[in-house]
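Since the structure comes first, as structure tokens, the remarks are kept for the end.
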Amino acid sequence: MQKLLEIAGDYKKVKNYVYARFGGIASLSKIYPGYTVQNEMTGSGFREKLGMPSVYFYLAIFDALGDIKCQWTRTKTKILKLMNQNQGFSEEDKHYLRFLLKVNNAFEAVLNRKILCSESKKEEELPKAVRKQYEKVAKAVDADRLNKYLCRQVRKHHMKLHTDRADGFTMAERAYRYGDRGIYITIKEKRKRVFVPLTDNNRYKSQIYVKLYPGEGRIEMKVPVYVAVHSHRDYQKEVGAAVGMHTMLTTDEGHCYGEDLGRYQIEYADWTREQTGSYNRNRNENPGRKKYNAKKRRMEERLHSYINQELNRFLKEEKPQIIYLVKLPRPHTNGGNKKINHSMAQWQRGYIRKRLRQKCREQSVEIVDVLGKDISNECSCCGEIGKKIKGEFVCPACGYREEEKTNTARNVKKRGQGDGALNPKGSYSVK
């Protein structure tokens with residue numbers, strides 16, 4: 001255990017070194033794809049100073065880089081949210097800021113004051129193609145004001161990472177070998193390994209994360225799970241699908257999957273709202289929330305089990321080759337009925353999409369996102385704007401009547417097959 005704790009301690013030091021050295025705005029250009037950081041760390045002599053085997057050193061570097069990239073994503077998401085809520089920005093201003101947040105070269109150049117003067121001939125100028133796009137979106141706005149706003153928000157919300165945890169590390173395949181009903185793990189001493197007996201006979205050829213529990217005298221080894229991708233010759237259909245809160249999926253042919261989703265979600269939302277209110281009223285007397293957390297976990301597991309069961313049934317019965325799915329904005333919970341808002345907040349739409357994409361990846365099914373503007377108000381027959389009356393869509397122009405979600409699903413399929421697909425060449429698919 002002591003030998004493994006030494007590796008975990010060095011692993012932590014390497015991560016903190018990378019956080020401190022490459023977590024700021026000056027290193028933005030180095031973290032994508034990250035080989036510059038790897039080369040600089042190699043030349044720094046830090047590995048020799050620690051006496052750390054390379055099989056751990058470089059994994060710690062890329063582990064830290066992944067954390068830094070996630071932190072920048074969180075920062076950009078926060079700024080995007082604040083920008084959309086800012087009523088002082090015009091649509092052109094927001095479009096300009098979205099461009100900067102999306103294009104890493106432009107984002108890094110603005111934060112490090114490398115662009116914005118056309119006569120500048122410095123080497124750090126944007127690439128030609130990006131510069132041309134930048135000048136196009138900057139033409140209609142006060143770029144200097146917006147750049148200062150972006151810099152202020154980054155300074156306010158971006159944080160350099162740091163970790164105090166030294167209870168685990170990742171090891172490459174070269175760092176271990178199996179034998180004698182256990183595993184031999186490389187340590188800091190040259191040409192030596194420690195033996196750890198295993199409780200099963202599984203053998204892996206991949207990176208393994210070693211979690212240490214020195215107080216309990218035990219070790220956990222976490223390995224990635226690889227799922228085989230299946231290809232089905234009989235999966236030939238193109239299916240338009242509408243996602244709903246009460247009925248999970250409705251297809252363009254009117255088939256429904258997950259019709260009890262609304263009942264499960266309302267039951268879950270009502271219970272959590274009631275429990276939260278009770279806890280807040282008796283906060284001083286309540287000793288803890290152990291039972292609450294246990295029951296909440298059981299209810300979530302039941303809900304997620306139902307969602308996965310219905311998604312499996314959807315793929316098995318529809319046999320789709322392509323699924324067209326509308327890309328909807330996030331639900332707004334401001335104003336209105338608090339009970340309805342709480343139910344909306346508990347809607348499992350993110351989990352449904354995540355699991356559907358995972359299952360489609362496993363079954364070689366392509367998903368295409370389509371534009372969602374007015375898609376539920378448009379008549380799938382003539383294209384005019386209609387009305388929704390008690391769950392039924394009615395078109396006053398052509399007289400077409402259909403169940404509301406079925407009409408939406410048909411519009412989704414029409415747009416996906418037409419010109420309404422979002423980035424059809426870059427849409428998610430697995431062949």
Side-chain angles (χ1 to χ4, degrees), residues 1-16 18-19 33-35 37-38 41-42 47 50-70 161 163 165-232 297 301 304-305 308 311-312 351 354-365 428 430-431:
M1 181 63 73
Q2 188 57 41
K3 298 291 185 183
L4 298 179
L5 284 171
E6 287 177 10
I7 297 171
D10 288 349
Y11 200 88
K12 179 194 76 171
K13 291 176 184 177
V14 173
K15 289 182 69 173
N16 283 330
V18 175
Y19 291 154
Y35 296 110
V37 175
Q38 181 184 7
M41 289 294 291
T42 301
R47 185 174 79 83
L50 293 174
M52 189 178 186
S54 61
V55 288
Y56 302 122
F57 181 74
Y58 291 108
L59 285 178
I61 293 172
F62 283 101
D63 195 358
L65 276 178
D67 294 339
I68 291 171
K69 291 176 184 179
C70 288
L161 298 171
T163 181
R165 298 188 65 176
D167 58 355
F169 56 90
T170 304
M171 58 180 181
E173 187 181 348
R174 293 185 294 116
Y176 64 89
R177 66 176 176 82
Y178 293 100
D180 304 324
R181 297 184 180 180
I183 186 170
Y184 290 88
I185 299 176
T186 298
I187 56 175
K188 294 179 68 174
E189 298 175 35
K190 288 186 177 181
R191 300 182 180 276
K192 288 191 178 181
R193 301 188 180 205
V194 294
F195 175 75
V196 179
L198 297 177
T199 58
D200 58 42
N201 295 318
N202 296 335
R203 300 290 183 266
Y204 303 99
K205 292 184 177 180
S206 62
Q207 291 182 11
I208 296 178
Y209 183 78
V210 180
K211 177 74 171 177
L212 307 176
Y213 297 90
E216 303 173 23
R218 67 183 182 91
I219 297 169
E220 283 184 2
M221 295 188 180
K222 302 182 180 182
V223 297
V225 177
Y226 295 99
V227 179
V229 175
H230 303 282
S231 181
H232 304 274
R297 183 172 62 252
E301 288 174 353
H304 290 171
S305 176
N308 283 289
L311 288 176
N312 289 337
Y351 180 81
K354 176 183 174 182
R355 294 303 299 157
L356 179 60
R357 289 182 182 276
Q358 174 65 27
K359 291 177 185 297
C360 286
R361 185 185 297 116
E362 295 169 5
Q363 304 300 330
S364 301
V365 177
Y428 170 78
V430 176
K431 301 286 184 170

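Side-chain atoms are counted along with the backbone in the values below, which use heavy atoms only and exclude waters and symmetry mates.
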- Query: Quick one: does Arg203's side chain have a donor or acceptor within less than 3.5 Å of a partner on Asn201's backbone?
  - Reply: yes
- Evaluate the side-chain proximity of Phe62 to Gln38: yes if any heavy-atom separation is below 4.5 Å, no if none is. yes
- Note on the structure: Sequence neighbours excluded, the answer for side-chain hydrogen bond (donor to acceptor under 3.5 Å, both in side chains) partners of Asp167 is Arg165, Lys211
- Message: Parallel, tilted or perpendicular, judged at 30° and 60°: which one describes the rings of His232 and His230?
- Response: tilted
- Item | Partners passing side-chain hydrogen bond (donor to acceptor under 3.5 Å, both in side chains) against Asp180 (at least two apart in sequence or in another chain) | Tyr184
- Could you tell me which non-hydrogen atom of Asn202 sits nearest to which non-hydrogen atom of Tyr178, and how far apart they are? O-CE2, 3.9 Å
- Message: For the residue pair Arg355 / Gln358, report whether a side-chain donor-acceptor contact shorter than 3.5 Å exists.
- Response: no
- Checking Lys359 side chain against Val365 main chain: does a donor-acceptor pair fall under 3.5 Å? no
- Message: Is it the case that over 12 heavy atoms from other parts of the model lie below 6.0 angstrom from the NZ atom of Lys354?
- Response: no
- Message: Between Tyr351 and Asn308, do the side chains contain a donor N or O and an acceptor N or O under 3.5 Å apart?
- Response: yes
- Going by the angle between their ring planes, with limits at 30° and 60°, are Phe169 and Tyr11 parallel, tilted or perpendicular? tilted
- Message: Treating Tyr56 as the side-chain partner and Thr186 as the backbone partner, does any N or O pair qualify as donor plus acceptor under 3.5 Å?
- Response: yes
